[in-house]
Colleague: 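Below: one structure in structure tokens.
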Amino acid sequence: MYPEKVYSDHSSWAIARNETYWLSCVAPKSGPKLQGWATPEQMIANMDAAGIEKAVVLGWYWENSATCIENIGWQLEWIRDYSKRFIAFAPFNANGGQTAFDSVKRALDFGFKGIGELNPPAQGYDYENEWLDRILSMISEYNAIVNLHVTDPSTHDYPGKIETPIQSLKAMVDRHPKTKFIFAHLGGMMELPELKRLPNVYLDTAATPLLYDSDIYRKAIEQIGVDRILFGTDYPLRTLPKKQELPDFTSHLAQLKNAGLAEKEVEKIVSLNAYSLLA
Ligand SMILES: [Zn+2]
């Protein structure tokens, strides 16, 4: 979801801001064109069609702190205009130092519930960055959450794939036992038994239809427990391109509901876990 001015000419918009990594993800030079776009009104219509009351809108992992701040500005408008439908997580780039830190603090004061999606290797800083550590400590004081992009090295290559070393992620969680972490894309499936010892780590299911078969949900539940899995989509990416001409929520939701899980398990993944985490 972006303002129309961003996606109507995404190339010029990105080049003017030096956001070339984002451009390579949303408009890859080769491979299928999976990126969709949505305005808040389109997203709400898609949510209504899927019976979704409320959604968390994440920021992109911009390479420049100034773009993160611009993105926070869009989100402020969205949660002001549609406070009953959207929850916001602020983008953050540690290279922005104090200015980036202050922009996130202001966002949290305004009602943002977390930060993310963060992807330090794609954003040009390390997991050991001082400002990242500071922001992770600060958000725990707000009981806010951080969402991190996590790549499974065993999955196939896709546009923009960057390794996210699981050892660095785990060391970061160890440094911040009071901060709540969401590892995106069922983060690091191969490390789930290890993640189990980190009680403050949750996983989301964003983009999983592109990466795994639907038996992945059962595998994840068996290894980390159903209470720590959250329904995420990567909307407006078309993650089930054979079923979707345009972005929607119904396709991924149907895939989850038809994955052989108990009704109670689905209910936890799509709503109850988020309620307790965001409360
Ligand atoms: Zn991601």
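We count ligands from 1, going down the list as the structure has it; atoms in each ligand are counted the same way. Remember, predicted model here, so these are calculated numbers, not experimental data.
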Colleague: Is the centre of the F249 ring less than 6.0 Å from the centre of the Y235 ring?
Modeller: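 Close enough - the centres of the two rings lie under 6.0 Å apart.
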Colleague: Look up atom SG in C68 and atom CG in N93, then write down how far apart they are to the nearest 0.5 Å.
Modeller: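 Result: 5.0 Å between the selected atoms.
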Colleague: Classify the side-chain pair Q255/Y217 by whether it contains a donor and acceptor separated by less than 3.5 Å.
Modeller: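 Yes, because at least one side-chain N or O of Q255 sits under 3.5 Å from a partner of the opposite role on Y217.
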Colleague: Can you check ring pair (Phe, Tyr, Trp, His ring centres under 6.0 Å) on Y2 and H10, steps first, answer last?
Modeller: CA-CA 10 Å; Y2 296 92; H10 46 266; 9.8 Å; no
Colleague: Could you check whether D9 and S12, counting side-chain N and O atoms only, form a donor-acceptor pair closer than 3.5 Å?
Modeller: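 The criterion, which ignores hydrogens and geometry beyond distance, is satisfied for D9 and S12.
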Colleague: Angle class for the F86/Y82 ring planes (parallel below 30°, perpendicular above 60°, tilted otherwise)?
Modeller: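 Because their plane-to-plane angle is over 60°, the rings of F86 and Y82 count as perpendicular.
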Colleague: Return the number of protein N, O or S atoms with a distance to the Zn ion (ligand 1) smaller than 2.8 Å.
Modeller: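 For the Zn ion (ligand 1), protein nitrogen, oxygen or sulfur atoms under 2.8 Å: 3.
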